Amino acid sequence: MRPMTSPPLLSPSPSRLLRRILSRAPSRRNPTTPPPLAPHLGRRLSLLLPASMSSSSTRTPESVVADADALARKVAAIRAAGAAKLQVIADFDGTLTRYWYDGCRGQSSHALLRQGNEEFDAKREELFEHYHPIEINPDILLPEKAKLMEEWWGKSHGLLIEGGLTREAINKSVADAPIAFRDGVVELFEFLEARDIPVLVFSAGLADVIEEVFRQKLHRSFKNIKIVSNRMVFNEEGRLVAFKGKTIHVLNKNEHSLDMAAPVDNSPEDPNGSTDDYSLVKKRTNVLLLGDHIGDLGMSDGLNYENRIAAGFLNTNIEKSLKDYSEAFDIVYLDDAPMWGVVELASDLCP
């Protein structure tokens with residue numbers, strides 16, 4: 001679906017972010033600078049053009065913007081329309097969460113699960129070792145990769161059911177897992193919640209696990225956050241017996257999934273509250289999209305948006321993938337960057 005053309009710059013007094021984009025003057029963050037105390041303070045975005053990067057550079061920039069003029073126009077248009085027209089669509093694994101954890105690969109909401117059955121845990125690990133290199137390989141065409149991802153998810157879900165996963169195992173797995181949100185995620189959620197901006201978390205992972213990660217790692221709720229992901233069905237004994245709806249994997253999660261995925265639970269423990277009428281979300285025609293795969297750009301498919309700013313997190317294979325990412329996303333954050341750049345971007349969109 002082709003979005004409407006963005007209007008020219010509308011703000012008579014461009015923000016700091018707009019001025020930096022328009023000037024095309026690169027600025028690099030001092031890595032020793034502490035994170036800001038509030039969303040509107042402190043950290044500056046490093047807005048660099050790929051052309052400014054050279055093989056002789058001894059330091060990798062934090063972020064890259066390929067088309068500064070286009071990004072500036074989008075920022076101005078969304079800013080002029082106001083918070084009531086904006087929604088945020090975010091991936092979970094590797095986007096809201098860190099890619100690296102204490103020097104090792106952080107676990108996804110799928111990978112962290114331990115069923116209490118070593119045989120089935122080992123089988124799922126074998127699937128990861130086989131399919132994950134395919135997932136991150138930029139040389140495999142998307143249609144072929146999508147079929148392989150569907151195959152991977154189907155096999156993994158089947159093993160979870162066959163191995164007798166329980167709710168208790170989910171709670172313990174999250175407690176023991178090397179998984180953490182990026183620095184700045186809480187501040188971003190607080191900023192968006194204060195302005196009644198909805199956040200749809202689209203994930204190819206497991207909704208029940210993600211909700212438990214929110215409970216255990218953030219220790220608070222956000223009324224504006226909804227999770228669209230693979231949701232489990234448990235029997236009276238708390239044992240997994242099925243999955244609801246169609247399988248959501250890394251390359252097919254989008255706004256059409258709102259109709260095929262189960263709504264967020266309305267239980268008192270649910271961190272995300274009751275489910276709103278999604279038709280209200282679809283009326284918000286400006287989008288800030290956050291993802292770590294080029295396929296995540298499809299999360300806004302099915303939404304007739306006017307303006308979309310896509311922010312990508314390129315966590316690995318940087319040298320090989322940067323060109324494709326910088327062409328696909330409006331801004332690319334490198335090396336498992338914190339969320340502070342997005343916090344500042346959001347504050348410029350909704351001052």
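Hydrogens, waters and symmetry mates play no part in the numbers below; they use all other heavy atoms, side chains included. Computed from a predicted model, the values in this text were never measured in an experiment.
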Review point. For E212 and R167, what are the C-alpha separation, side-chain angles and deciding distance, and is it a side-chain contact (heavy atoms from CB on, under 4.5 Å)?
Key: CA-CA 10 Å; E212 189 61 29; R167 288 188 182 276; over 6 Å; no
Review point. Would you call K147-E151 a salt bridge at under 4.0 Å N-O?
Key: no
Review point. If Ile, Leu, Val, Met, Phe, Trp and Tyr residues are connected whenever their side-chain heavy atoms lie under 4.5 Å apart, and connections chain through other members, are L142 and Y131 in the same group?
Key: yes
Review point. Just checking, R220 and F222: is the charged tip under 6.0 Å from the six-membered ring centre and within 45° of the axis?
Key: yes
Review point. If you measure from CG on L192 to CD1 on I225, what distance do you get to the nearest 0.5 Å?
Key: 8.0 Å
Revision key, fill the gap. One should read off an interatomic distance between N286 CG and L303 CG, to the nearest 0.5 angstrom, of 9.5 Å
Exercise for review: Would you verify whether the NZ or CZ of R231 falls within 45 degrees of the ring axis of F243 while also being under 6.0 Å from that six-membered ring's centre?
Suggested key: no
Point to revise | Shortest non-hydrogen contact from S108 toward D93 | key: CA-OD1, 3.4 Å
Review point. Considering only heavy atoms from C-beta outward, does the side chain of V287 approach that of M299 to under 4.5 Å?
Key: no
Review point. Less than 4.5 Å apart, any side-chain heavy atom of L206 and any of H157?
Key: yes
Point to revise | Donor-acceptor contact present, side-chain Q87 to main-chain R284, <3.5 Å | key: yes
Check your understanding: Any donor and acceptor pair, going by atom type alone, linking the side chain of R124 with main-chain N or O of S156 inside 3.5 Å?
Key -> no
Review point. Can you check whether V213 reaches S109 side chain to side chain, under 4.5 Å on heavy atoms?
Key: no
Practice item. Report whether Y325 and I318 are members of the same hydrophobic cluster (ILVMFWY, side-chain heavy atoms less than 4.5 Å apart, transitive linking). Key: yes
Review point. For the side chain of E150 and the backbone of N252, is there at least one donor-acceptor N/O pair under 3.5 Å apart?
Key: no
Review point. Any chance CD of E125 has more than 12 other-residue heavy atoms, nucleotides or ligands included, within less than 6.0 Å?
Key: yes
Review point. Which pair of heavy atoms, one from K145 and one from N137, lies closest together, and at what distance?
Key: NZ-O, 2.8 Å
Exercise for review: Please examine the side chains of L218 and F189, heavy atoms only from C-beta on, and report whether any two atoms are closer than 4.5 Å.
Suggested key: yes
Check your understanding: For the side chain of T97 and the backbone of G94, is there at least one donor-acceptor N/O pair under 3.5 Å apart?
Key -> yes
Check your understanding: Does the ring centre of F214 sit less than 6.0 Å away from the ring centre of F181?
Key -> yes
Study note, to complete from the structure: L112 and A177 have their tightest heavy-atom pair at CB-CB, 3.7 Å
Practice item. Report the distance from atom CH2 of W153 to atom CD1 of I248, rounding to the nearest 0.5 Å. Key: 11.0 Å
Check your understanding: Rounded to the nearest 0.5 Å, what separation is found between the OG1 atom of T316 and the CG atom of D336?
Key -> 9.5 Å
**Study point:** Sub-4.5 Å side-chain heavy-atom contact between W152 and I134
**Key:** no
Review point. Are side-chain heavy atoms of E126 and E129 found at a separation under 4.5 Å?
Key: no
Exercise for review: For residues S229 and G205, report the shortest heavy-atom separation together with the two atoms involved.
Suggested key: OG-O, 3.0 Å
Check your understanding: Under 4.5 Å between side-chain heavy atoms, hopping through other hydrophobics if needed: is there a path connecting F128 to F120?
Key -> yes
Practice item. Give a yes or no on whether the backbone of G238 and the side-chain of T166 come within a donor-acceptor separation of less than 3.5 Å. Key: no
**Study point:** Working for side-chain contact (heavy atoms from CB on, under 4.5 Å), residues L71 and V75
**Key:** CA-CA 6 Å; L71 178 56; V75 169; 4.1 Å; yes
Review point. Would you say D292's side chain and L314's backbone share a donor-acceptor pair under 3.5 angstrom?
Key: no
Review point. CD1/I78 to CD1/I309 distance, rounded to the nearest 0.5 angstrom?
Key: 4.0 Å
Check your understanding: Okay, side chain of Q216, backbone of N171: is any donor-acceptor separation there less than 3.5 Å?
Key -> yes
Point to revise | Test side-chain contact (heavy atoms from CB on, under 4.5 Å) applied to L290 and L188, step by step | key: CA-CA 12 Å; L290 311 177; L188 177 64; 4.2 Å; yes
**Study point:** Considering all heavy atoms, the nearest K320-D139 contact
**Key:** NZ-OD2, 3.0 Å
Review point. If you measure from CG on L200 to CG on D91, what distance do you get to the nearest 0.5 Å?
Key: 13.0 Å
Practice item. Would you indicate whether the side-chain heavy atoms of M339 and F313 approach each other to under 4.5 Å? Key: yes
Point to revise | Salt bridge present between D330 and R308 (N-O < 4.0 angstrom) | key: no
Practice item. Determine, using the 4.5 Å side-chain heavy-atom cutoff (strictly less than), whether Y101 and V186 are members of one ILVMFWY cluster. Key: no
Review point. Any donor and acceptor pair, going by atom type alone, linking the side chain of D183 with main-chain N or O of W340 inside 3.5 Å?
Key: no
Exercise for review: Could you tell me whether the side chain of R182 and the main chain of P338 form a donor-acceptor pair under 3.5 Å?
Suggested key: no
Review point. Within 45° of the six-membered ring axis of F191 and under 6.0 Å from that ring's centre, is NZ or CZ of R195 located there?
Key: yes
Review point. Which atom pair, heavy atoms only, marks the closest approach of K283 to K85?
Key: O-NZ, 3.7 Å
Point to revise | Side chain N224, main chain I197, donor-acceptor under 3.5 Å | key: yes
Check your understanding: Can you tell if the side chain of F329 reaches within under 4.5 Å of the side chain of I294, non-hydrogen atoms only?
Key -> yes
Check your understanding: Where do L288 and V342 land on the side-chain contact (heavy atoms from CB on, under 4.5 Å) test, with the steps shown first?
Key -> CA-CA 9 Å; L288 174 58; V342 178; 4.2 Å; yes
Check your understanding: Is a salt bridge present between K123 and E162, judged by a nitrogen-to-oxygen distance below 4.0 Å?
Key -> no
Exercise for review: Treat each ILVMFWY residue as a node, draw an edge where side-chain heavy atoms are under 4.5 Å apart, and state whether I227 and I179 are in one component.
Suggested key: yes
